[in-house]
Number of protein chains: 2
Amino acid sequence: MADSGSPGGETLLFLTDEQLRKGIEAMFFAYRAFTADPDRLLEEYGYGRAHHRALHFINRQPGLTVTTLLAVLGVTKQSLNRVLRTLIEDGLVESRVGTRDKRERRLHLTAEGETLERALSEAQRGRMRSAYRAAGPQAVAGFRQVLEAMMGPDLHKLYQMMKDD
Amino acid sequence: MADSGSPGGETLLFLTDEQLRKGIEAMFFAYRAFTADPDRLLEEYGYGRAHHRALHFINRQPGLTVTTLLAVLGVTKQSLNRVLRTLIEDGLVESRVGTRDKRERRLHLTAEGETLERALSEAQRGRMRSAYRAAGPQAVAGFRQVLEAMMGPDLHKLYQMMKDD
DNA sequence: TTGGATAGTCAACAAGGCTGACATAAAGTC
DNA sequence: GACTTTATGTCAGCCTTGTTGACTATCCAA
């Protein structure tokens with residue numbers, strides 16, 4: 001191989017421990033900013049980040065079962081149930097008994113739930129949009145590539161389960 | 001406008017709400033994987049993620065003050081102090097009174113602290129390295145660009161304060 | 001000498017993870 | 001039909017890690 005793209009050459013400087021550390025720190029700081037906007041909104045409603053995550057994925061896959069949501073969120077059912085219970089009590093989420101399998105609970109957002117989800121999502125998308133716009137389409141493609149490689153096969157499967165563009 | 005590279009044309013499809021949502025989910029899943037490896041290690045030692053973060057930044061900037069670390073981590077001093085106290089008691093971190101300003105406590109890792117930090121860092125860098133390698137240098141550049149744009153000016157300042165490559 | 005900055009401590013509380021134990025209903029199996 | 005498995009929910013209790021508020025001590029600088 002000529003020069004660029006050759007393994008072991010200068011092109012591997014991006015795999016330096018120092019470069020990796022900067023990447024780690026970038027993830028740390030960016031994730032903090034990433035959650036800051038919805039967190040502010042959630043506080044007004046008396047909810048936490050866990051509620052946001054539940055609302056997000058119920059919105060993405062209306063009618064998903066509790067077990068599926070459990071797998072997507074990666075928490076215990078007790079932990080999810082606490083969050084889900086308040087959302088149902090407050091009328092943001094509706095839990096319908098499954099038609100084929102009556103053990104299942106299929107989760108849907110109510111109109112009110114959709115309103116909050118939209119507000120949270122818009123807050124988060126706002127930051128994401130300006131970051132995307134500032135970095136440009138090619139950078140965004142790279143961003144997605146690295147994140148997808150980082151999440152590993154199991155999480156990538158869940159990631160792809162979500163409704164695509 | 002023509003077609004490629006023109007603002008407002010098809011090249012802005014990466015700013016779609018659906019694209020932004022996928023980016024949000026990629027951050028969510030990738031961050032989970034990102035913390036999973038060190039978390040496993042930490043559990044063996046009876047520490048949490050907060051301890052990891054403290055060790056990381058003390059290692060990066062040996063001799064930093066508590067106030068600086070507070071700003072970098074974005075938590076209250078009570079919260080940090082609890083973590084810092086256990087690390088000092090366990091002999092992983094040393095707190096030296098400042099020479100010029102004796103109010104300051106300058107934080108350093110002990111040899112034992114460096115050992116744990118290295119183990120945690122290596123676990124985390126391992127995943128980062130394979131993601132970088134899989135995605136390639138151009139993708140990595142885009143990844144960093146988007147994250148830096150996402151963190152906003154305040155966090156970007158802290159980010160740049162950290163020792164560069 | 002007084003005011004502000006830096007550091008630490010104590011107490012109390014909340015969110016949101018976790019485990020373990022147990023209950024119920026539905027579905028599947030033998 | 002009896003038994004097992006699956007899906008869900010619930011109770012109790014624990015841990016980490018964040019929060020606020022109040023208070024102390026030290027030191028620097030005006």
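Numbered from 1 within each chain, the chains take letters A, B, ... in sequence-line order.
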**Student:** Could you state the atom-to-atom distance from CZ of A:Arg32 to C1' of D:dG18 in whole Å?
**Tutor:**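 Rounding to the nearest Å, CZ of A:Arg32 and C1' of D:dG18 are 13 Å apart.
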**Student:** With sugar-phosphate meaning primed atoms plus P, OP1 and OP2, does A:Arg106 contact a base, only sugar-phosphate, or nothing at under 4.0 Å between heavy atoms?
**Tutor:** nothing
**Student:** Donor-acceptor pairs under 3.5 angstrom involving side-chain atoms of residues 80-88 of chain B: please list them, not counting sequence neighbours.
**Tutor:**
| residue | atom | partner | partner atom | Å |
| --- | --- | --- | --- | --- |
| B:Thr86 | OG1 | B:His51 | NE2 | 3.2 |
| B:Thr86 | OG1 | B:Val83 | O | 2.9 |

**Student:** Reading DNA chain C from 5' onward, which residue's closest nucleotide shows up sooner: B:Arg105 or A:Leu80?
**Tutor:** B:Arg105
**Student:** Tell me whether the OP1 or OP2 atom of D:dG18 has a side-chain N or O from B:Arg53 closer than 4.0 Å.
**Tutor:** yes
**Student:** Please determine whether a side-chain nitrogen of the Lys or Arg among A:Arg118 and A:Glu122 lies less than 4.0 Å from a carboxylate oxygen of the Asp or Glu.
**Tutor:**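 Salt bridge flag = no for A:Glu122 with A:Arg118.
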**Student:** For the pair made of CG in A:Leu70 and P in D:dT6, what is the distance, rounded to whole Å?
**Tutor:**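 The answer, rounded to whole Å, is 15 Å.
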**Student:** When the nearest nucleotide of DNA chain C is assigned to A:Thr99 and to A:Val83 on a heavy-atom basis, which residue is associated with the more 5' position?
**Tutor:** A:Val83
**Student:** For the pair made of CZ in A:Arg96 and C1' in D:dA7, what is the distance, rounded to whole Å?
**Tutor:**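 Between C1' of D:dA7 and CZ of A:Arg96: 19 Å.
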**Student:** Tell me which nucleotide among D:dT20, C:dG4, D:dG9 gets nearest to the side chain of B:Thr76.
**Tutor:**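 Nearest nucleotide to the side chain: D:dT20.
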**Student:** Just wondering, are more than 12 heavy atoms of other shown residues or ligands nearer than 6.0 Å to CD in B:Gln138?
**Tutor:** no
**Student:** Could you tell me whether B:Glu117 and A:Arg21 have a side-chain N and a carboxylate O separated by less than 4.0 Å?
**Tutor:** yes
**Student:** May I have the distance from B:Glu43 (atom CD) to D:dT17 (atom P), rounded to whole angstrom?
**Tutor:** 11 Å
**Student:** Are B:Arg96 and B:Glu94 close enough for a salt bridge, meaning some N to O gap below 4.0 Å?
**Tutor:**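 Salt bridge present between B:Arg96 and B:Glu94.
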**Student:** I'd like to know if A:Arg103 reaches the base of D:dT6 with its side chain, counting only an N/O donor and acceptor under 3.5 Å.
**Tutor:**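 Under the 3.5 Å cut-off, the side chain and the base do form a donor-acceptor pair.
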**Student:** Without decimals, in angstroms, what is the distance between A:Lys102 NZ and C:dG28 P?
**Tutor:**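 Taking atom P of C:dG28 as the reference, NZ of A:Lys102 is at 12 Å.
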**Student:** Please state how far atom CG in A:Asp39 lies from atom P in C:dA15, giving the value in whole angstrom units.
**Tutor:**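 That distance rounds to 14 Å.
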**Student:** Describe, in one word, how the ring planes of A:Phe57 and B:Phe29 are oriented to each other, choosing from parallel (under 30°), tilted (30 to 60°) and perpendicular (over 60°).
**Tutor:**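 Tilted: the ring planes of A:Phe57 and B:Phe29 meet at 30° to 60°.
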**Student:** Can you pull the salt bridge (charged side-chain N to carboxylate O under 4.0 Å, His left out) pairs that have at least one residue in residues 29-39 of chain A, sequence neighbours excluded?
**Tutor:** A:Asp37-A:Arg40, A:Asp37-A:Arg127, A:Asp39-A:Arg49
**Student:** For B:Leu87 and D:dT17, give me the distance from atom CG to atom C1', rounded to whole Å.
**Tutor:** 14 Å
**Student:** Over how many whole Å does the gap from B:Asp101 atom CG to C:dG8 atom C1' extend?
**Tutor:**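 Spelled out: CG on B:Asp101 to C1' on C:dG8 is 15 Å.
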**Student:** Distances under 3.5 Å only, N/O to N/O: pair up the protein atoms with those of nucleotides 10-16 of chain D.
**Tutor:**
| residue | atom | partner | partner atom | Å |
| --- | --- | --- | --- | --- |
| D:dT10 | OP2 | A:Asn81 | OD1 | 3.0 |
| D:dT10 | OP2 | A:Arg85 | NH1 | 3.3 |

